[in-house]
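Only heavy atoms go into these numbers, but all of them, side chains included; no hydrogens, no water, no symmetry mates. Proteins get letters first, then strands, A, B, ... in listed order; numbering begins at 1 in each.
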Amino acid sequence: MYDTLIIGAGMSGLAAGIRLAHYEQKVCVLERHTTIGGLNSFYRLRGRDFDVGLHAVTNFTPKGAKKGPLARLLRQLRFKWEDLSLSPQIGSRIAFPGVHLDFDNDIGRLEAEIRRLFPRQTDNFQRLLAAVVDYDDLNDEHFRMSGRARLAELFDDPLLVEMLLCPLMWYGNAREEDMDWGQFCIMFRSIFLEGMARPFKGVRLILKHLVRRFRELGGELRLRSGVSRIHVENGRAVGVVLDDGTELLARNILSSAGAVETLRLCDDQSIVEPARAGQMSFIETMSILNVQPRDLGHDRTIVFYNDRPRFEWRKCDELVDLHTGVICSPNNFQYPPEDGKLPEGVIRITAIANFDRWSALNEAQYRLEKLRWFDRTAAAAVRFMPDFRGHIVDTDMFTPLTIRRFTWHDNGAVYGAPEKRFDGSTHLSNLFLCGTDQGYVGIIGSIVSGIAMANRHCLSATA
Amino acid sequence: MSPAEIREEIVDILSDITPDDDLGALDDGKPFREQLALDSMDFLDIVMELRKRHRVQIPEEDYGQLASMASTVTYLTPKMVDCVRK
């Protein structure tokens, strides 16, 4: 009998596991895949390391900061700030037709850009800052308010509204078209007021720290152990059945499999609310270059591009949406001298994609379309950065189907369901959600989600 | 444990939770929340660490007693009289 079983060895599941193992629970993390990480993972291909998921760690605050999700995470997991080896971004860009806004981890830079390009909106931007700082994310009364409507009240230049929404939706909006005001505030803080950073060694460094700590504390991690069923008796989850038929019993179950996905696992047939799965899925192209991006004149860490005056955030009709995307170069962070440079140049481009269209392809078509859309995506991106295509020495690409395989999220929905369950509760009194569908996104956000749900539901109850 | 030992134990727990903070400068009369920016998750940790290390049970309605070092030591003194500092 376990005190807690955790479904999924992603950031949130592992963080929850650390909290519970630290307080002497018998806890096991179950992962269907052969490796850890879920949405944020890494692999080796043809002798090279690739990262999936993470472009940058958002919510970055400098050493010594006492407030904010990063500080909370470090305290709760007993990590030192140095353990995450975070190097800040050089600077990023929001690029629209004929106009771009640059920003970095100092909000003053974005303020100066807005003063220069949107002088009449300077005061309005200060009003927005005050509103974002005032927003209380523990009191979610106004969370579901339309972000677009709120921004339209604050600004009288729609272009600036679209430009501000672009990176925030890209990095954490599960809802199509509009963004919840609460989610806007959370994302605004995490990207503009806190900032972006990356460990020199990438996401694997963070995951390895989490796993090592979990194991040191006596936690059990089972890979290749997909949960096929959550067994329910008399309104309580009593345990799980694994894909190979193994049955495990537990007092509590914490699932990072997603809200809809978790309810579907329950064998009690009592599901009354058909929660809606998300629709926003992506492709990502990865290009390895024989030069550093800076040698091509590209020093931006992230470029959020959009080729129309309005930013359209919705599932596309085609296989891939070429209008908007995110260009990330892991080379362009301020790594300390002892780390030096990454061995090769890397350009990753993320674009919106249609899960259903990709699913409908047969094997041969799938391979062909990957090649075709790799080229089209790169061609779309070089409108907003120097052309790197003559320097490519290796490539890889993922599609919505890859995301589905690694995360188990319906529709390969990276940010999960549009309606979040902030309290992590389900229809069963001892089954809880953590991770993407509980509410927080990003690396730090998902870790904090695991911590918060473990504390709230699995720790205080063990008295 | 004597009150002085309990204080030492609490400092030890706090240094575990906030390793980057200088606890030497802690003012016993002032709330932890002001000096160390502790939030409710951190207070849960103080409670949980006391339970883990010394099997001391602190009911939820008493969490308010842990506001400052002085009030914490006063509150814990009768509860931890038989505990031994490890």
Side-chain angles (χ1 to χ4, degrees), chain A residues 3-4 15-16 18-27 61-84 86 136-139 213 216-218 423-424 434 440 444-445 447-463, chain B residues 8-28 30-69 72 75-76 78-80 83-84 86:
Chain A
D3 291 311
T4 305
I18 290 175
R19 288 291 298 168
L20 300 176
H22 179 79
Y23 289 115
E24 302 171 305
Q25 285 203 7
K26 186 168 156 60
V27 51
T61 40
K63 182 176 163 75
K66 293 189 195 307
K67 294 221 162 111
L70 175 59
R72 175 177 288 170
L73 172 164
L74 296 174
R75 291 204 299 270
Q76 288 278 302
L77 297 184
R78 312 288 193 268
F79 282 176
K80 291 197 172 64
W81 188 86
E82 289 79 5
D83 288 340
L84 301 186
L86 293 173
D136 177 4
D137 53 354
L138 299 176
N139 169 12
R213 178 64 58 85
E216 280 168 5
L217 292 165
D423 64 1
C434 67
Y440 302 111
I444 306 290
I447 294 175
V448 170
S449 166
I451 292 170
M453 292 303 105
N455 285 355
R456 177 163 178 172
H457 299 298
C458 308
L459 269 187
S460 27
T462 59
Chain B
E8 249 180 83
E9 185 65 27
I10 300 296
V11 168
D12 202 53
I13 289 172
L14 290 173
S15 67
D16 232 31
I17 298 174
T18 67
D20 296 329
D21 273 315
D22 175 17
L23 297 167
L26 204 64
D27 179 338
D28 285 15
K30 271 197 192 157
F32 291 132
R33 210 178 268 276
E34 281 174 25
Q35 300 182 81
L36 303 173
L38 299 190
D39 60 21
S40 56
M41 281 190 183
D42 301 316
F43 283 99
L44 172 68
D45 266 29
I46 298 174
V47 172
M48 293 297 297
E49 289 291 342
L50 285 167
R51 181 193 294 172
K52 178 176 166 179
R53 296 175 186 204
H54 300 288
R55 306 290 149 197
V56 178
Q57 299 285 348
I58 302 174
E60 211 170 323
E61 58 269 24
D62 289 353
Y63 286 9
Q65 307 285 335
L66 308 180
S68 72
M69 182 62 91
T72 302
Y75 172 73
L76 289 175
K79 281 184 171 282
M80 293 181 69
C83 295
V84 181
K86 287 165 195 154

Checklist entry - Based on non-hydrogen pairs under 4.5 Å, which of B/V47, B/L36, B/D39 is most in contact with chain A? => result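 Of the candidates given, the most pairs with chain A belong to B/D39.
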Item to check | Closest-packed option against chain B by number of heavy-atom pairs under 4.5 Å, given A/K66, A/K63, A/R78, A/K67 | outcome: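 So the answer, after comparing A/K66, A/K63, A/R78, A/K67, is A/R78.
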Checklist entry - Could you state the interatomic distance from CZ (A/R19) to CG (B/D45), rounded to the nearest 0.5 Å? => result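 If we round to the nearest 0.5 Å, A/R19:CZ and B/D45:CG are 4.0 Å apart.
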Checklist entry - Heavy-atom distance under 4.5 Å to chain A: side chain of B/I17, backbone, both or neither? => result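 B/I17 touches chain A through backbone and side-chain heavy atoms alike.
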Checklist entry - Can you say whether B/E60 sits under 4.5 Å from chain A via the side chain, the backbone, both, or neither, judging by heavy atoms? => result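 Neither part, no heavy atoms under 4.5 Å.
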Item to check | For B/R51 against A/L459, the heavy-atom pair lying closest together | outcome: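 Smallest heavy-atom distance, with atoms named: NH1-O, 4.3 Å.
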Next on the checklist: So B/D42 and A/Q76, do their side chains get closer than 4.5 Å, heavy atoms only?
Outcome noted: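 Touching, per the 4.5 Å side-chain cut-off.
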Checklist entry - Heavy-atom distance under 4.5 Å between the side chains of A/H22 and B/E49, does that happen here? => result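 Yes; the side chains approach each other to less than 4.5 Å.
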Checklist entry - Does any heavy atom of chain B fall under 4.5 Å from the side chain of A/A452, the backbone, both, or neither of them? => result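 Both parts, heavy atoms under 4.5 Å.
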